[in-house]
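Labels below follow one simple rule: chain letters A, B, ... track the order of the sequence lines, proteins then strands, and each chain is numbered from 1.
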Amino acid sequence: MGKKVKVRFAPSPTGDLHVGNIRTALFDWAYARHTGGTFLFRIEDTDTTRVTDEYIQAAIDTLKWLGLNWDEGPEVGGDNGPYLQSQRLDIYAEWAQKFLDQKDAYHCYCTPAELEATREAQRAANVAPGYDGKCRDLTAEQIAAYKAEGREAVIRMRMPEGSTTFVDEIRGEVSFDHKFVPDFVLVRADGSPLYTLAVAVDDILMKVTHVLRGEDLLSSTPRQIRVYQAMGVKPEDYPVFAHLPFVMGQDNAKLSKRNGEVSIAWYREQGYLPEAICNYLALLGWSPGDDRENITMAELCELFTVEKVHSSPARFDMKKLEAINGDKIRALTPDEFLKWSLPFLTKAGIITGTDSEIALVKAALPIIQERIVKLNEVPQMLKFLFIKEFAVEADSVSKITDDVSKDVLKRSLKELEPLTTWNHDSIEAALRACLIEEMGLKPRIAFGAVRIATTGSTISPPLFESMELLGKEASLARIAAALTL
RNA sequence: GGCCCCGUCGUCUAGCGGCCUAGGACUCUGGCUUCUCAAGCCAGCUACGAGGGUUCGAAUCCCUUCGGGGCUACCA
């Protein structure tokens, strides 16, 4: 016992990080934090045709935004770097050569077309598809002949007879017969390494102890173990594997663009809080065991264990995410809420960021905090306080042009004008006195008209507080203006 | 097709042989509260995929079956 835990998150940024990636990163991070171990972040960019610098940077930014800080990896460095596989090419080449020397691997001269033909035939014959081992034991003459033809070779790992059995921390013992694990390619014809080589070499060299990753990689585990063996790693030094269940879309299969938004950047723009995203994602495939659901990042670290992770896939439910986001927003301190809201207000063009604007926003936020679910609702809610050319919403106009409404507005104006103290208490007292008591109107009818006149909409934050914030002058001007509609 | 993984309310889950006439959360429906919208509170709807075993007793163990998913690349 006693080896310090080291967990890695090693995405291949071929696009923006999505919900599934992040759930994996979150579990990796939480497990590292739970055990007091190390969280390592590595970029798997061996597929240079699909990974771009922009995506790599976006992945780094996303992890940072979510608060999933890493101890080893890009930007922070560490003793086992570099952490971009594209910068470790010589290491992989060295190991590939060693495997070749040991006869664990061999050069394969088959062309893609030939391989494809073999697969076709296998499929037709209803046998397990895969490389048939044609180049396993080539003679010097055969090699010379292939080279003369101008063929280029890939390096293939030799899978011995037998099987690989390992214990997956989530699924239990899993076994693969090598009949179904064909010899696999380690190095492309152009000399560049493949995932199968790089991932195994790096996990060993970087001293990773736990590999928690998506279940799509479950069947690649025997290949990874094969590389460990060729590297001379003792079985007790293999990392522990745990394959996480998928996060799927609302209806059917894996999460996709059509199937709800998958890019974390989108959630950020919509006004989801990182803590809400993490809290929700943590509940997909894991639970604390009791009925707790709303947990903080600190609690997640404290409670997270691999044995509480499920083996079955989970569907992503936007409604539940929204509910949690609403909870998290309500739990924000005034200063935090202000900090999160300001960017949305400036981006929407509601404020420019002057001190007086910020002061007003700060005063107004408490009355909307429990009525929004996402931060991007803040601008719409507070717009009436800042808008220069105020106008009642088109479909609300007809609701205040009837006789009763006109009376309400006239009486309100008359009653409010003499007020020397302008706050929600004095406003409410004045309006209740004239509209409810004197006119005998139902509150929803009476205040509804005033609401439309002053905020422009049938839906608004609490009326009296809104009017207080708006100020006496503007409030009266808007009521007067409404009378002319 | 082959190999592998998976299967409790619509969704996320609790459950690891008796505490289960299956609990919680989200959604939905109804109600209370109420100046709108929310929030809050109360109530309701709805699940162990199917079939066989094992057992005094099964959501929990075994088998079969059906269904879903992954892999089957010089992607990861």
Engineer: Find out whether the Lys NZ or Arg CZ of A:Arg156 is both under 6.0 angstrom from the six-membered ring centre of A:Tyr131 and within 45° of the ring's axis.
Structural biologist: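 Output yes; distance and angle both within limits.
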
Engineer: Using a heavy-atom cut-off of 4.0 Å across all strands, would you classify A:Ala189 as base, sugar-phosphate, or nothing?
Structural biologist: base

Engineer: For this output row, return yes or no: ring centroids of A:Phe447 and A:Phe464 closer than 6.0 angstrom.
Structural biologist: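 Close enough - the centres of the two rings lie under 6.0 Å apart.
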
Engineer: Have a look at A:Leu284 and say if it touches a base, only the backbone sugar-phosphate, or nothing, with a 4.0 Å heavy-atom cut-off.
Structural biologist: sugar-phosphate

Engineer: Quick one: label A:Thr458 by what it contacts on the DNA or RNA (base, sugar-phosphate, nothing), any heavy atom closer than 4.0 Å.
Structural biologist: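 Counting heavy atoms under 4.0 Å across all strands, the contact made by A:Thr458 includes a base.
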
Engineer: If pairing requires Watson-Crick or G-U wobble contacts with both distances under 3.5 Å, which nucleotide is the partner of B:rA73?
Structural biologist: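 Its partner is none (no Watson-Crick or G-U wobble pair with both distances under 3.5 Å).
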
Engineer: Can you say whether a donor on the side chain of A:Glu370 sits under 3.5 Å from an acceptor on the base of B:rG40, or the other way round?
Structural biologist: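 Counting by modelled atom types and ignoring angles, no donor-acceptor contact under 3.5 Å is found here.
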
Engineer: Could you please name the partner base of B:rG30, counting Watson-Crick and G-U wobble pairs only when both distances are under 3.5 Å?
Structural biologist: B:rC42

Engineer: Which part of the nucleic acid, if any, lies within contact of A:Leu217, taking any heavy atom under 4.0 Å across all strands shown: a base, the sugar-phosphate backbone alone, or nothing?
Structural biologist: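 Touches a base.
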
Engineer: For B:rA39 versus B:rG7, give the span between their C1' atoms, rounded off to a whole number of Å.
Structural biologist: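 My reading of the C1' atoms in B:rA39 and B:rG7 gives 37 Å.
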
Engineer: Check whether any side-chain N or O of A:Thr46 sits under 4.0 Å from OP1 or OP2 of B:rA76, and answer yes or no.
Structural biologist: yes

Engineer: Is there a side-chain contact between A:Ser287 and the phosphate of B:rA14, meaning an N or O under 4.0 Å from OP1 or OP2?
Structural biologist: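 Indeed, a polar side-chain atom of A:Ser287 lies that close.
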
Engineer: With both distances under 3.5 angstrom, what nucleotide forms a Watson-Crick or G-U wobble pair with B:rC16?
Structural biologist: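 Paired with B:rC16, as far as the under-3.5 Å criterion goes, is no nucleotide at all.
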
Engineer: Which of these nucleotides, B:rA76, B:rU13, B:rC35, is closest to any side-chain atom of A:Ala314?
Structural biologist: B:rU13

Engineer: Compute the centroid of each ring, for A:Phe304 and then for A:Trp286, and state whether the two points are separated by less than 6.0 Å.
Structural biologist: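 Yes: the rings meet the under 6.0 Å criterion.
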
Engineer: Considering every strand shown, what is the Watson-Crick or G-U wobble mate of B:rU36 when both distances are under 3.5 Å?
Structural biologist: none

Engineer: Contact class for A:His310 vs. all strands (heavy atom < 4.0 Å): base, sugar-phosphate, or nothing?
Structural biologist: sugar-phosphate

Engineer: With heavy atoms under 4.0 Å as the rule, sort A:Phe464 into base, sugar-phosphate or nothing.
Structural biologist: base

Engineer: Checking all strands, does A:Val154 fall into the base, sugar-phosphate, or nothing category for heavy-atom contacts under 4.0 angstrom?
Structural biologist: base

Engineer: In whole Å, what separates the C1' atom of B:rA14 from that of B:rG52?
Structural biologist: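 The answer is 28 Å between these two C1' atoms.
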
Engineer: If you check every side-chain atom of A:Ser460, which of B:rC3, B:rC5, B:rU36 has the closest atom?
Structural biologist: B:rU36

Engineer: Less than 6.0 angstrom from the centroid, inside 45 degrees of the normal: does A:Arg223 satisfy that with respect to the ring of A:Phe184?
Structural biologist: yes

Engineer: Select one nucleotide: of B:rU36, B:rA76, B:rG70, the one nearest the side-chain heavy atoms of A:Arg451.
Structural biologist: B:rU36

Engineer: Hunt down the Watson-Crick or G-U wobble partner of B:rG7, both distances under 3.5 Å, from any strand shown, or write none.
Structural biologist: B:rC66

Engineer: A:Val185 side chain: which of B:rC74, B:rC4, B:rC6 is closest?
Structural biologist: B:rC74

Engineer: Which comes earlier along RNA chain B counting from the 5' end, the contact point of A:Glu173 or that of A:Gly448, where each point is its nearest nucleotide?
Structural biologist: A:Glu173

Engineer: Using atom P in both nucleotides, what's the gap between B:rC42 and B:rU27 to the nearest angstrom?
Structural biologist: 15 Å

Engineer: Under 4.0 Å, heavy atoms only, any strand: does A:Arg223 hit a base, just the sugar-phosphate, or nothing?
Structural biologist: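 Base contact.
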
Engineer: Write down the partner of B:rA22 under the Watson-Crick or G-U wobble criteria, each distance required to be under 3.5 Å.
Structural biologist: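 With both distances under 3.5 Å required, B:rA22 matches none.
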
Engineer: Distance to the ring centre below 6.0 angstrom and angle to the axis at most 45 degrees; does that hold for A:Arg8 and A:Phe41?
Structural biologist: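 Judged by the rule (NZ or CZ under 6.0 Å from the ring centre, within 45° of its axis), A:Arg8 is not positioned above A:Phe41.
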
